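In what follows, a single structure is set out as structure tokens and then discussed.
Indexing begins at 1, ligand by ligand and atom by atom, following the structure's order. Predicted, not measured: the structure shown is a model, and the values here were computed from it. Position 1 is the first residue of the sequence, and the numbers go up from there.
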Amino acid sequence: MTLAAYACDPAQSRGRRFFEAAAPTRSEFQRDRDRIIHSTAFRRLVYKTQVFLNHEGDLFRTRLTHSLEVAQLGRSIGRSLQLDEDLIEAIALAHDLGHTPFGHAGQDVLDECMKAHGGFEHNLQSLRVVDRLEQRYPSFDGLNLCFETREGILKHCARRNALILDAAEPGGVAARFLNGTQPGLEAQLCNLADEVAYNAHDIDDGVRSGLLAMEQLEAVPLVRQYLGEALAEYPGLGGKRLLAETIRRMLSAQVYDIINASRAALQAAAPADVAAVRSQAPLLRFSPEMRAASSELKRFLFANLYRHPQVHGTRQRAEEVLRDLFELYAGDASLLPEEYAAAEYLPRACADYIAGMTDRFALKEHQRLTGKQLF
Ligand code: MG
């Protein structure tokens with residue numbers, strides 16, 4: 001498989017923060033992917049959730065299965081566009097490593113607890129996990145990943161945080177948030193694949209959990225179209241096969257849309273190399289029609305699933321768990337494991353420790369320390 005000129009070539013990587021000799025058989029991006037798979041934070045993704053809580057059932061996506069789906073979608077699009085699949089896989093598998101327990105609820109409450117201490121943001125935390133928090137090597141903290149993998153992991157960054165990161169690593173992974181440039185195409189792709197993946201699986205989990213009804217989904221043009229096509233070809237199809245067939249068609253349409261729209265954009269812009277990719281507007285994209293359709297689906301899920309009263313009820317209890325934990329640890333460092341208690345700045349150590357927890361560990365720890373059983 002030859003890489004396109006505009007792809008990130010592992011032999012031309014901007015390198016690692018600490019020098020390491022090349023591996024005999026693996027490319028630099030393969031090594032990154034392998035390091036991520038062997039990390040502690042990656043293993044914990046299996047007990048972390050985005051919308052549903054881990055104990056609510058075995059039917060729903062976890063952050064681990066979500067990350068695998070992002071990698072699958074990313075790789076199948078990336079192969080068509082001759083991008084580096086190992087880099088895509090590395091970014092996709094690492095993109096959610098910084099997520100707190102209890103999904104969106106956890107991120108918001110930790111950010112609130114950290115308000116006076118620089119805040120908490122999961123993209124920054126994902127980078128912090130691979131740069132600092134993983135402790136697996138004798139001579140450096142973190143996984144010492146390549147620049148291209150790290151820039152893909154840091155997919156959003158507020159200007160305030162970018163200034164702090166850029167002071168520590170001038171011209172590094174945060175520079176693009178200050179100078180308005182783009183990351184490599186593999187990183188741009190993972191961003192889109194993430195959106196395609198969660199839109200599809202949240203519909204699936206939403207319907208199978210009973211929180212969303214098929215009839216409700218018919219109001220969303222993208223779903224209506226592929227539901228209609230599935231029924232036209234298989235009249236009388238219903239239940240889980242209809243749901244799966246609708247989502248399968250929707251996913252295929254989005255994958256081909258991204259391939260076609262991006263290929264056209266790449267042909268028109270003809271970037272000679274990655275440097276040319278970085279200085280242009282994003283070239284990895286949906287068609288304008290699919291962009292609008294995907295955004296509408298996102299809005300639907302926000303209003304009807306993420307804000308569903310039943311999701312909201314568990315959300316409040318999840319927030320209470322993390323708020324209590326933060327207060328307890330911040331008030332008494334001796335409750336923390338030694339390596340966190342010894343940190344220079346206690347609030348950040350509390351956030352790092354809590355963010356690294358799985359849903360079930362957070363619940364267990366909360367019950368142990370407060371005697372309360374919220375779930
Ligand atoms: Mg994600």
Q. Partners of D324 by salt bridge (charged side-chain N to carboxylate O under 4.0 Å, His left out), sequence neighbours excluded?
A. K372
Q) Between the Mg ion (ligand 1) and H95, is there an N, O or S atom separated by less than 2.8 Å? A) yes
Q. Out of R31, R75, R26, R33, which one pairs with D86 under the salt bridge (Lys or Arg N to Asp or Glu O under 4.0 Å) rule?
A. R33
Got a list of side-chain donor-acceptor pairs under 3.5 Å for residues 220-236, not counting sequence neighbours?
from: R224; atom 1: NH1; to: E218; atom 2: O; distance (Å): 3.0
from: E233; atom 1: OE1; to: R249; atom 2: NH2; distance (Å): 2.8

Q: State the SG-CG distance between C8 and L83, to the nearest 0.5 angstrom.
A: 8.5 Å
Q.
Can you tell me which N/O/S atom of D96 has the shortest distance to the Mg ion (ligand 1)?
A. OD2
Q) Of all N, O or S atoms in D194, which has the smallest distance to the Mg ion (ligand 1)? A) OD1
